[in-house]
Amino acid sequence: MDLTTRYLGLELKHPLVPSASPLSNTLDGIRRMEDDNAAAIVMYSLFEEQITHESMELDHYLAMGTDSFGEALSYFPNFEHFHIGPDQYLELVRAAKAAVDIPLIASLNGVSTGGWIQYARMIEEAGADALELNIYYLPADPAMTGAAVEEMYLNIVRDVKASISIPLAVKLSPYFSAMANMAFRLSVAGADALVLFNRFYQPDFDLENLEVIPNLQLSTPVELRLPLRWIAMLYGRVEVDFALTSGVHGHLDVLKSLMAGANVTMMASELLRHGTQRIPAILADLQNWMEEHEYESVQQMIGSMSQKNVAEPTAFERANYMKVLDSWRPDPTQVG
Amino acid sequence: MKRKMITLDGNQAAAYVAHHTNEVIAIYPITPSSPMGEWADQWSVQGKTNIWGTIPLVQEMQAEGGAAGAVHGALQTGALTTTFTASQGLLLMIPNMYKIAGELTSTVFHIAARSVAAQALSIFGDHSDVMATRSTGFAMLFANSVQEVMDFALISQAATLAARVPFLHVFDGFRTSHEINKVEELTLDDMRAMLDDELIHAHRARGLSPDRPFIRGTAQNPDVFFQARERVNPYYIATPGIVQETMDRFASLTGRQYHLFDYVGAPDAERVIMLMGSGAETAEETVNYLVERGEKIGLIKVRLYRPFSAEHFLQVLPATVKVIATLDRTKEPGAAGEPLYQDVVTTVAESVTNGTAHFNGFPRVIGGRYGLSSKEFTPAMVKGIFDEMAKETPKNHFTVGIVDDVTHTSIEYDTSFVIEPKDVVRAMFWGLGSDGTVGANKNSIKIIGEETDNYAQGYFVYDSKKSGARTISHLRFGPRPIQSTYLIQNANFVAVHQFGFLEKYDVLANIEEGGILLLNTPYATDEVWDHLPRPVQETILAKKLRVFVIDAYSVAKETGMGIRINTIMQTCFFAISGVLPKDEAITKIKEAIKKTYSKRGDVVVQKNYAAVDAALGHLHELSIPSEITSTHELPPVVPPEAPEFVQNVTAAIIAGKGDALPVSALPADGTYPSGTTRWEKRNIALEVPVWDPEICIQCGKCVLVCPHAVIRSKVVDESDLADAPTGFLYTDARWKELAGKKYTLQVAVEDCTGCTLCVEICPAKDKSEVGRKAINMEPQLPLREEGRKHWDFFLQLPELSRHDSLKFSNVKNIQLLEPLFEFSGACAGCGETPYIKLMTQLFGDRTVVANATGCSSIYGGNLPTTPWAFNKDGRGPAWSNSLFEDNAEFGMGMRLTLDKQTEYARELVHRLRSVIGDELADKLLNTDQSNEAGIDAQRGHVAELKSKLAGMDDPTAKDLLSLADVLVKRSVWIVGGDGWAYDIGYGGLDHVLASGRNLNVLVLDTEVYSNTGGQASKATPLAAAAKFAMSGKGMPAKDLGMMAMSYGYVYVAQVAMGASDAQTVKAFLEAESYDGPSLIIAYSHCIAHGIDMAKGLEHQKLATETGFWPLYRFDPRRRAAGKNPFQLDSRAPKRPFADFAVKEARFRMVSQTNPTHAEELLEEAQKAVNDRWQRYATLAALKEW
């Protein structure tokens, strides 16, 4: 049974890849994932905004109250050096590269053009095998047009692509007016792969205290549907690799993803909830299923149920929407 | 070879040599010497070695007494050992100093000399501390400048090894310890060349060793002690020669030749003054100036003051001398004269008597005092002394620099005598602590001092307030070494970084004609002139000033600098002053920015660069009109209705004119009126809270947490509000006991610091706009006038009766009690003061307070104004501060007085029963004072007693009359920080708690020495970074509460107002009501935690939720009811300690500097939290204790 797949030009032993999550915060975590047979690892994201925030905050607290009162001209020891900025991340990339044999895909969330380029280069220099751009942008400004947002994404990809030579993946949100067109333009701009989709953490309301509170919710299998559909529709039409992320929790999700056209499937919630030992378990289930259904390789199923390869291509499109609604028509026997 | 020139301050210079030439350093923080210990610790943590290639061991001790003990022990076992201290700290070392000297032990103590507290504490410089150690046997070498500090640190280290006499290396606190100056750096080779290895080996060999045992430190008897004491004489006789020889060797290495006494001036001088310390620099500058103009005068700079070498002194004294004036920077009340005076009189007299004198006749010797507590010592004063000496009968035992209109000791001098050289740039910068002015100026000094041939000097004057603190920087740049050890008298550049200062201070008082004024202004350039107060316009025109303006806050906002305008104003200074060519200056500023800020991240560097680039485009020269256009006069410093003392004395100090107050203006015994902060309207908040009665639920939380007591509420009858000014808000009171009455909540907008704790704690939100609360911040300026009227009206509204209205046992009701601690100078958002304020609300009208030195004694007792207040009946907390280390004992003394006086008064009531009547006597003796009603009733009985006794002649009656007030229950509160309670004062605290006396201890636990700048105490938690715990504290904090509980009869509570205000209130009430010792350990968030102070209460809550700060009460009274005295008041932690730690920079900095170590520490800290919780939970579950 051949489980190998290719993603971003990398040979992977199978299609199960842990996506960016706190599991890769430490070298131990990264090692554990390799020990549990991950095919590759997407590291947690280096957030430019966080680096900026950390610097500004440090500057604020080191300055606060200083040189004001004769008895206490400072409140903290005079440290020579702080590990702020990308150092810690880059050190982890370097250490991880030295410690594990599987491919390491770094992840970057930038803010400024300079930041995207600068950190992408640093990540490449640190030894990452590929880079995933985690473009997480909430266009809340009413004056900002969709075209401008799209252009911003494309510029980032072009700029970064021009600055590095390792393969480049782009992780996207589903919120584009013309997703297919956007995917196409991203591929032209230089994306070697698209990672569909990014999950926004949606804040919640605390009704007792009337506060907006951050609320991290892990994904559920139902979330698979959206990326599944889009990969199925884009496969063969946009010449990039695809990674499906969001809602992958078991071997059936993996199978569906591959058949839609994903080269790899990415998981975080399942591993956070049940541990990285889920990787070998899902792999075993995957293999059993493939054996039972007489599949020989992963390669043969990639894209097999994409829009272009299914019998009813329209099944993916809008007409199907009405059917779905129909399927939820109340049971007529209970009416009245 | 040209030696390296560096700019640094005296403390760093001393520490530099001390760290390189010692093996063990035992220290304890005390202003102004703390930075020496901090430097040494930092260098050791960073792995910097001494000249022998090993890293000195730095140990923080629990007190200076402890540091001296550790030094003594280290010396006795042969280590090269040093310490740094000042003032009371040095005094605590005296017992060990006798021992160290008596045992002929080589060591150098580096002293940033500071006033010893007398009628008041002072952190500033004079020689009263070192002079108090004259008899210990330590040699004393005085350095007068930063260069000399570096040089003498080494000379004293070399000399002590040779002489075996220990040395105090003394320099003036603040004036030298904190002055930045350009000096030549000593090399490590210099140090190696100066220190003789054989002497070091001999020192080591004298150490205790079981391989060659002996004993040292015996007890001796009348038969031999005396002789043994005299046995040291040869060493003292030899010491001056050794020091001179060491100075000569030093000169051969560095070219700088010093002598035990250095003479400056005319060889044929007739008038010679003598002094030591930084004042000698000013004296030298003045003498040189006057000698050039033909005066026959001279100066002797005393270097080695002990042992005092008469021989060397007489050698430098010109034979022509007719009058000698000795100047002492200390005071010895009752002495025949101050120390130097007595030494000189003795020496001169002896030499004349012996016939060894080389001068003609017997010169007159006069002595004077100058410069106490860093009082300015100027060329004018020096000249004044010489002028006095020229008189036929010059005043002896004089003072200079003050006006003594009581005993008339002061001499006059011509204040217009100013000798500031024209070729020196003299720049003054008026800024706020928070705007970063001082930091930028320190950078400017480095730039000019180290990047150009210019010499540079910087001295900084700080505020006594911690919030809204003003700073004045004095910078001099010039072609020669700068000896002017006094504030700038004639400035050719004045920068005013806060427009509001123009109204508050005479910022242009020292600007010279044709000088430059740089002004940060919120107004457009063409509007600035009309916004200047009239006196400012007048000065600008009269002195023909050039004025440059910039709206630095706008530039700072645009460039992401927030409120820090330092870089912008620094750029403007360089652009205008011409100290460096503009482009070169900008390059240098940017280099300095990179050096200073790059470790904080590139984004910080970039925003500073942006500020530099944006600054010049916004800098404009003002076109000065030919006429005064403003009618805007400066407002009075205090309102006209302020009491006489405040008008005459306090106001002058507030205005920065305290130097001009004569001796008679000041109380003779350090007694000052309470409640004077109310007269000092600081107006420092940009935004203040505004109440919305529609949303308010009248819970009282904002009133409770306000650190400055600027939010208050009252419940009054509607009729009381008949004359309320327009806009005065009130609403129906929400108390069923007070139905029909009106509730009002007001804000003292002029006293508010804008901390926003009140907004953060407010639980009431607008249902249609949840971001709006019952209290919201709004700009202060538009509210100021109206707010003042509202506040004044509010103050005169009647207070609720304490004894027949409500039960004051919850936060909602306590808000209506008048606070008797208000408007302190504590940090905005202070975590300590709400507890103090609560205590004064509950018990303040019958409380005496013993306050340990520290933050609380500074914001509580630093002049000009005091926050401890009194109510309409004139009652309020009576407060005093003794020392840092003795506060528990000090408070216990108060309790002893009250206990004794109460006992005696009750005895007298018994004795006078027939006179005062049985009924009254019984009431006086038996009234239950456990509640407010009883206390009020007893006050009535005492009043009745006093009126009965008033006219009586009987001595017993008179005695009782003088004591009658103590028959009303009084509360003793012993207040201090963790540095006191856990460290320096712990022995005393333990004893006092063990005494069983009825006293209350309030520990304001910030878990660090806050007042001296964040040094670790035993309360500092595991994993937190602090000074002396730079890598994160490796040990858990001491469990003070548990230690106190072990007595079984001490009431103990651990509280955190932000976690449970109800529990806090309960603890205060229980502690006070307990007839025995009580200890409240109150978690106090602090600026030294590296937190947003506005969120301080959230941090407290989180501390408790994570189990880091469990809340509990241990009430011994519960035992009588068969209950477990220990009650755990907070819930088991549901969140990890890391959730709390990650929010505070003190913990975060450890992971930012050493992530791996931080993780280990956090793990250990979690374990410590778990263990502690487990222990408490087990105790709380006990059926019996």
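Throughout, protein chains are lettered first and strands after them, A, B, ... in sequence-line order, and every chain is numbered starting at 1.
- Nearest heavy-atom pair, A:Ser68 versus B:Ser434, reported as atom, atom and distance to 0.1 Å: OG-N, 4.0 Å.
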Hey, mind stepping through A:Glu211 and B:Val770 against side-chain contact (heavy atoms from CB on, under 4.5 Å) and telling me if it holds? CA-CA 8 Å; A:Glu211 283 171 4; B:Val770 296; over 6 Å; no
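- Counted within 6.0 Å of CD on A:Glu151, heavy atoms from surrounding residues, nucleotides or ligands total more than 12; the atom is thus considered enclosed.
- Around NE2 of A:His274, the count of heavy atoms belonging to other residues, nucleotides or ligands within 6.0 Å exceeds 12.
- Interface residue B:Ser1010: only backbone heavy atoms are found under 4.5 Å from chain A.
- The most heavy-atom pairs under 4.5 Å with chain A, out of B:Ala1025, B:Gly1014, B:Pro1155, B:Pro32, come from B:Pro1155.
- Of the listed residues (B:Asn1011, B:Thr1012, B:Asp463, B:Thr471), the one with the most heavy-atom contacts under 4.5 Å to chain A is B:Asn1011.
- Per-residue heavy-atom pair counts under 4.5 Å with chain B were compared for A:Ile51, A:Ile84, A:Asn209, and the maximum is reached by A:Ile84.
- The contact between B:Arg1148 and chain A is made entirely by side chain atoms (from C-beta outward), counting heavy-atom distances below 4.5 Å.
- Of all residues spanning residues 69-80 of chain A, those with a heavy atom less than 4.5 Å away from chain B's heavy atoms are A:Phe69, A:Gly70, A:Glu71, A:Ala72, A:Leu73, A:Ser74, A:Tyr75, A:Phe76, A:Pro77, A:Asn78, A:Phe79, A:Glu80, arranged by number.
- Only the backbone of B:Ala1026 comes within less than 4.5 Å of a heavy atom of chain A; no side-chain atom from C-beta onward does.
- Residue contact with chain A, scored on non-hydrogen atoms closer than 4.5 Å, involves the backbone of B:His1089 exclusively.
- Per-residue counts of heavy-atom pairs under 4.5 Å with chain A were compared for B:His178, B:Arg470, B:Arg564; the largest is that of B:Arg564.
- Separation of atoms SG (B:Cys827) and CE (A:Met64) is listed at 8.5 Å; rounding is to 0.5 Å.
- Using a 4.5 Å cut-off between heavy atoms, B:Ile1087 contacts chain A through both its backbone and its side chain.
- Highest contact tally toward chain A, considering only B:Met1093, B:Met1149, B:Glu1159, is held by B:Met1149 [criterion: heavy-atom pairs under 4.5 Å].
- Side chain of A:Tyr61 to main chain of B:Asp1092: a donor-acceptor pair is present (N/O by atom type, distance under 3.5 Å, no hydrogens or angles).
- Contact of B:Ile30 with chain A is not made at all, since no heavy-atom distance falls under 4.5 Å.
- In terms of heavy-atom pairs under 4.5 Å with chain A, the best-connected choice from B:Lys442, B:Lys599, B:Glu38 is B:Lys599.
- Of all the listed residues (B:Lys466, B:Met1030, B:Lys767, B:Lys465), the one sharing the greatest number of non-hydrogen pairs under 4.5 Å with chain A is B:Met1030.
- Counting all heavy atoms, side chain and backbone alike, A:Met56 lies closest to B:Val603 at CE-CG2, 4.1 Å.
- Proximity to chain B at a heavy-atom threshold of 4.5 Å picks out nothing from residues 20-33 of chain A.
- Environment of CD in A:Glu91: crowded, with over 12 heavy atoms of neighbouring residues, nucleotides or ligands closer than 6.0 Å.
- By the neighbour-count criterion of 12 heavy atoms within 6.0 Å, atom NZ of B:Lys595 is sparsely surrounded, having that number or fewer from other residues, nucleotides or ligands.
- The 12-atom threshold is not exceeded at NZ of B:Lys1101, counting heavy atoms of other residues, nucleotides or ligands nearer than 6.0 Å.
- B:Phe174 touches chain A through its side chain: at least one heavy atom from C-beta onward sits under 4.5 Å away, while N, CA, C and O do not.
- Here A:Leu62 contributes atom CG and B:Arg600 contributes atom CZ; the two are 4.5 Å apart, rounded to the nearest 0.5 Å.
- Of the inter-residue distances, the one linking A:Ser112 atom OG with B:Gln606 atom CD reads 10.5 Å to the nearest 0.5 angstrom.
- For B:Lys765, the NZ atom sits in a packed shell: over 12 heavy atoms of surrounding residues, nucleotides or ligands are nearer than 6.0 Å.
- Annotation: the span from A:Asp87 atom CG to B:Gln1152 atom CD amounts to 11.5 Å, rounded to 0.5 Å.
- With a 4.5 Å cut-off on non-hydrogen atoms, B:Phe460 does not touch chain A at all.
- If you measure heavy-atom distances from B:Ser464 to chain A, the contacts under 4.5 Å come from the backbone alone.
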